[in-house]
Amino acid sequence: MAMNLTRRNFLKTASIAAASVPLSKVAAQAESGVVKTPLAAPGTFKNTQTAVGGVCEMCFWRCQLIGKIRDGRLIKLEGNPKSIDNGVSICARGNAGVKLLYDPDRLKYPLKNVGKRGAPKWQRISWEEALDTCGSKLKEIQEKHGAKGIAMFPHGSTATYPMGFLENVVGTHNVSEASFFQCRGIRDTAYMATIGLPPNEDVDMANAKVIFFIGNHLGENVHVSHLKRYLKGLENGAKLIVVDPRYSASAAKSDIWVQIRPGTDTAFMLAIMNYLIQNKKYNAEFIEAHGEGFDKMAEGIKEWTLEKAAKECDVPAEQIKEVAELLAANMPNVAIHPGRHVSWNGNDFQRQRALACLTGVLGAFGVKGGFVQPKGPKGLGKVGWPKGEKHEESLREMADVHHYSPPGTPTDLIRDTAITGKPYPIKGCVIWGQNPIQTIPNQEKTIKMLEQMDFVMCVDVMPTDITMYADILLPDTSYLERYDMIKSGTQWDFAEEHKQYIAPRMPLVAPGFERKESIWITNEIAKRMGYGDKIPVQSQEEAINKMLAGVELSIDKIKAEDGIHIQPGKDPYGEMEITVLFHNPELEENGYPPIPTYIPVERAPEGFMRLLYGRSPVHTFNRSQNNAWLMAENDSNPVWVNDKLAAKLGLKEGDTVSLINQDGVKSRTTTTVKVTPGIRQDSVYMYHGFGSMNPELTLGVGKGIDDCSLITKLAVDPETGAHGMRNNFVKLVKVS
Ligand SMILES: Nc1nc2c(c(=O)[nH]1)N[C@H]1C(S)=C(S)[C@@H](COP(=O)(O)OP(=O)(O)OC[C@H]3O[C@@H](n4cnc5c(=O)[nH]c(N)nc54)[C@H](O)[C@@H]3O)O[C@H]1N2
Ligand SMILES: Nc1nc2c(c(=O)[nH]1)N[C@H]1C(S)=C(S)[C@@H](COP(=O)(O)OP(=O)(O)OC[C@H]3O[C@@H](n4cnc5c(=O)[nH]c(N)nc54)[C@H](O)[C@@H]3O)O[C@H]1N2
Ligand code: SF4
Ligand SMILES: [Mo]
């Protein structure tokens with residue numbers, strides 16, 4: 001591997017922006033004893049054993065880990081030196097997994113709510129009683145209202161198996177994943193509608209000549225091997241274009257920072273494409289071989305002159321031209337990043353289509369530095385619930401809307417149906433590894449939905465805002481205590497060597513207290529609902545072994561290989577068998593624009609700013625809000641206010657403020673002001689993932705502001721039914 005990204009380098013780069021929280025402080029503080037992070041060099045621990053086979057799930061990138069164990073306790077996590085993905089690097093959050101494992105506030109036993117939903121009083125009960133209640137309540141609802149009377153909100157690896165049970169065997173469509181409908185679903189279906197494939201973040205930044213980001217604040221958005229690709233690209237001299245209303249960690253490293261007016265990115269990209277087409281600077285050869293409807297798109301976007309876009313996006317026309325010229329000069333080796341969290345304004349499918357089309361205009365598919373599909377291992381076995389009888393129509397089909405919806409049912413169709421009882425009642429709710437109170441816009445609606453349920457069950461590792469609404473609350477094992485999924489892929493930089501890896505998650509320590517694994521919990525409920533005969537597998541260990549058998553491996557074999565099996569891989573480059581639909585007639589048949597189209601967003605009312613949010617580099621959503629090491633580093637989310645605006649509003653750095661949105665909703669808690677030139681005057685910005693209201697979180701309760709509580713006005717993307725979450729506006733009220 002050409003670049004050995006050391007931990008020190010990684011921390012340094014992740015923290016480079018003035019904008020971001022300096023991660024290097026974690027190390028500095030630890031050395032001074034404040035955080036007590038055991039940061040000794042690998043191998044320097046006395047009397048420890050090394051456990052292999054860990055796979056991180058502090059976020060969903062799933063870096064491969066080893067654990068240092070002393071007296072049966074995990075004392076430190078490190079990247080698995082054998083990994084060809086993250087290598088020895090893990091991020092601050094991965095490092096702090098130890099503190100999730102041993103968090104004293106963690107769920108330990110099955111609990112029954114003898115208080116109210118939202119104001120729970122917990123009573124410890126036996127697993128027997130808990131499972132009997134879940135089984136009988138869900139069965140009762142199924143018998144009375146049909147399978148569709150049950151809704152599920154899943155996320156994470158342990159939710160996959162129960163989701164298969166509810167969808168395939170019980171037979172409900174009413175499943176909504178936050179990772180689709182509030183995250184990347186739009187990206188996947190927009191690319192499907194353009195090139196017939198969903199993108200990963202696998203764009204080949206390591207070997208690109210130009211890297212192009214719309215939003216996408218890498219460095220604050222931290223996924224280790226993804227960052228390694230990005231940093232290697234920069235190290236190799238790639239030019240970086242960052243489009244962001246804010247001076248993000250990426251903007252701080254960019255060659256061109258386009259400080260765009262939020263919500264107007266599609267107009268920006270249409271102008272780039274139009275300029276390239278008008279000036280014959282597009283990849284004619286690629287388009288000839290792989291394009292369809294190019295002329296129609298060219299004709300349709302003619303109106304998007306540099307000047308028109310400049311006005312709409314509030315950026316200089318000269319800068320748009322500069323971006324277009326840089327892309328053209330380096331095509332096809334340009335990495336047009338498809339983004340990840342893309343549910344922004346309710347016009348997002350069009351922006352994602354524009355990104356895919358821009359990649360096509362430049363012919364940047366299948367080439368070095370472009371959009372590639374690195375080939376991971378094939379042949380892993382499948383384990384899951386058998387598909388049952390034909391399902392009834394889904395809510396989406398009944399309403400005949402959102403024809404490009406990601407799998408599952410758009411969140412609002414479920415919430416509206418539950419609240420109104422039309423077209424049918426939804427009375428049972430299973431929440432497994434998702435926190436819909438803090439991750440789905442309009443909390444009031446989510447709470448209304450939950451309140452009208454006959455039964456709500458939650459499976460989680462921590463008390464969070466959603467667990468407050470459970471009738472029965474079950475303690476899951478954490479990712480460090482269980483077997484579950486298999487992470488597989490290719491070497492992180494695609495190009496240098498062709499290797500593939502297979503890394504099943506294995507426990508580093510045994511589960512504590514009465515925590516149980518997902519397959520066991522699901523099977524026990526299934527038996528009580530009368531589906532014992534359909535159970536496909538008895539334990540997570542068995543499931544992994546069955547999957548591995550497909551490639552003639554087993555847990556034992558992989559343990560003997562230090563937790564990761566590595567095998568020869570395939571060249572990721574070469575002509576891709578795709579057609580780029582610049583004009584997609586099927587979209588038109590369904591009533592959507594057939595070419596990428598800019599749909600303007602509402603502007604802030606007088607006196608208000610658009611509320612923007614993003615990632616804290618040391619937290620994952622709300623799920624790390626009680627983590628001692630991470631909270632020691634970052635325990636609030638100051639609101640970024642433009643310096644000129646702050647002067648007008650009479651606000652100073654460090655002032656304490658409440659936020660009030662356009663609907664008069666006031667933040668439950670307060671935060672401080674961060675005065676900076678690095679944000680536009682029409683917007684303010686804060687980290688997502690703070691302001692929990694659960695008093696069971698000793699460290700997390702009431703710290704900072706819950707961005708989700710201020711996102712009350714809903715925008716729904718017509719093609720997908722996913723939420724747009726940046727169409728709310730706030731004002732700041734100084735608290736004396
Ligand atoms: N540390 C950490 N890393 C994470 C996660 C985490 O929780 N913590 N979560 C992971 C997950 S699941 C996801 S989906 C990703 C999310 O991370 P990204 O996919 O990078 O999310 P974005 O919403 O694109 O990025 C937020 C940036 O968009 C900018 N922005 C806001 N509005 C606009 C606009 O209208 N136009 C443009 N061009 N930019 C805008 C903001 O200023 C901010 O800098 O992060 C992943 N990585
Ligand atoms: N306002 C706002 N909303 C957002 C976003 C935003 O930036 N701002 N980001 C969006 C994005 S990109 C995403 S991907 C989604 C994420 O949405 P969610 O998945 O809802 O995010 P989390 O807050 O991590 O909530 C996950 C829940 O799973 C629990 N959990 C953690 N580990 C385990 C486990 O091993 N087993 C079980 N059973 N439970 C576990 C956590 O304690 C927590 O209660 O949020 C979306 N919503
Ligand atoms: S990026 Fe960090 S939190 Fe995410 S899986 Fe890797 S080490 Fe864990
Ligand atoms: Mo996400």
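Everything numeric in this text was worked out from a predicted model, so none of it was measured. Numbering of ligands and ligand atoms starts at 1, following listing order.
No heavy atom of N86 sits closer than 4.0 Å to any atom of ligand 3. Within the structure, ligand 2 lacks R184 among the residues with a heavy atom less than 4.0 angstrom away. For the ligand labelled ligand 2, residue E57 lies outside the 4.0 Å heavy-atom shell.
Salt-bridge formation is detected for the pair K445/D412: a Lys NZ or Arg NE/NH1/NH2 atom is positioned less than 4.0 Å from an Asp or Glu carboxylate oxygen. A salt bridge between K228 and D493 is absent, with no side-chain N of the basic residue lying under 4.0 Å from a carboxylate O of the acidic one. Under a 4.0 Å N-O distance rule, the pair K108/E514 does not qualify as a salt bridge. Under the 4.0 Å criterion applied to side-chain N and carboxylate O atoms, R93 and E633 are not assigned as salt-bridge partners. No salt bridge links K99 with D103; every basic N to acidic carboxylate O contact stays at or beyond 4.0 Å. The existence of a salt bridge linking R229 and D202 is confirmed by a sub-4.0 Å separation between a basic side-chain nitrogen and an acidic carboxylate oxygen.
The shortest N or O to N or O distance between T439 and ligand 2 is under 3.5 Å. Distances between N or O atoms of H688 and those of ligand 2 include at least one value under 3.5 Å. Between D707 and ligand 2, at least one pair of N/O atoms sits closer than 3.5 Å. Annotation: N435 places an N or O atom under 3.5 Å from an N or O atom of ligand 2; distance criterion only. Among the atoms of D460, some N or O lies under 3.5 angstrom from an N or O of ligand 2.
Note: F621 and H155 have tilted aromatic rings, judged against thresholds of 30 and 60 degrees for the angle between ring planes.
Residue H223 has at least one heavy-atom neighbour below 4.0 Å for each of these atoms of ligand 3: 1 (S). Taking a cut-off of under 4.0 Å to the non-hydrogen atoms of I711, the atoms of ligand 2 that pass are 1 (N). Against a heavy-atom cut-off of under 4.0 Å, R62 is close to the following atoms of ligand 3: 5 (S). Close contacts between ligand 2 and C708 involve ligand atoms 1 (N) [criterion: under 4.0 Å to a heavy atom]. Residue N622 has at least one heavy-atom neighbour below 4.0 Å for each of these atoms of ligand 2: 23 (O). Interface of M58 with ligand 3, defined as ligand atoms under 4.0 Å from a residue heavy atom, comprises 3 (S). Using a 4.0 Å cut-off to heavy atoms of V222, the atoms of ligand 3 that qualify are 1 (S).
No close placement of the Y191 and F349 rings is indicated, their centers lying 6.0 Å or farther apart. For F60 and H223, the distance between ring centers is not under 6.0 angstrom.
Looking only at heavy atoms of the protein, atom 13 (C) of ligand 2 is closest to F621 CE2, 3.6 Å. Given atom 26 (C) of ligand 2, the protein heavy atom at minimum distance is G433 O, 3.3 Å. At the top of the distance list for atom 4 (C) of ligand 2, counting protein heavy atoms only, stands M725 CE, 3.3 Å. Among all protein heavy atoms, the one lying closest to atom 1 (S) of ligand 3 is V224 N, 3.5 Å. For atom 10 (C) of ligand 2, the closest heavy atom belonging to the protein is Q182 O, 3.3 Å. Of the protein's heavy atoms, A178 CB, 3.8 Å lies nearest to atom 15 (C) of ligand 2. Nearest protein heavy-atom neighbour of atom 4 (Fe) of ligand 3: C59 SG, 2.3 Å. Looking only at protein heavy atoms, the nearest one to atom 8 (Fe) of ligand 3 is C56 SG, 2.3 Å. Among protein heavy atoms, atom 33 (C) of ligand 2 sits closest to V461 CG2, 3.6 Å. When hydrogens are left out, the protein atom nearest atom 31 (C) of ligand 2 is R623 NH1, 3.3 Å; that is the closest non-hydrogen contact.
Because its NZ or CZ atom is both nearer than 6.0 Å to the ring centre of W344 and within 45° of the ring axis, R351 counts as a cation-pi partner of that residue.
Using modelled atom types, one finds a donor on one side chain and an acceptor on the other under 3.5 Å when comparing D105 with T698. A donor and an acceptor atom, one from each side chain of T712 and N661, are located under 3.5 Å apart. There is no side-chain donor-acceptor pair under 3.5 Å between R610 and N728. Neither side chain, H226 nor E201, offers a donor N or O lying under 3.5 Å from an acceptor on the other. Side-chain contact annotation: Y613 with H341, donor-acceptor N/O pair under 3.5 Å present.
Residue R615 holds the heavy atom nearest to atom 7 (O) of ligand 2 of all those in R482, H341, R615. With distances taken over non-hydrogen atoms, the option nearest atom 36 (N) of ligand 2 out of I437, T477, D476 is D476.
One of the N, O or S atoms belonging to C91 lies under 2.8 Å away from atom 2 (Fe) of ligand 3. Taking backbone and side-chain atoms together, C63 has an N/O/S atom less than 2.8 Å away from atom 6 (Fe) of ligand 3.
The proximity of H155 to ligand 2, defined as any non-hydrogen pair under 4.0 Å, is limited to the side chain. Using a 4.0 Å cut-off between heavy atoms, T158 contacts ligand 2 through its side chain alone, with no backbone atom that close.
Only one option out of R505, R106, K516 pairs with E481 in a salt bridge (Lys or Arg N to Asp or Glu O under 4.0 Å); it is R106.
Atom NZ of K82 sits in a crowded spot, with more than 12 heavy atoms from other residues, nucleotides or ligands closer than 6.0 Å.
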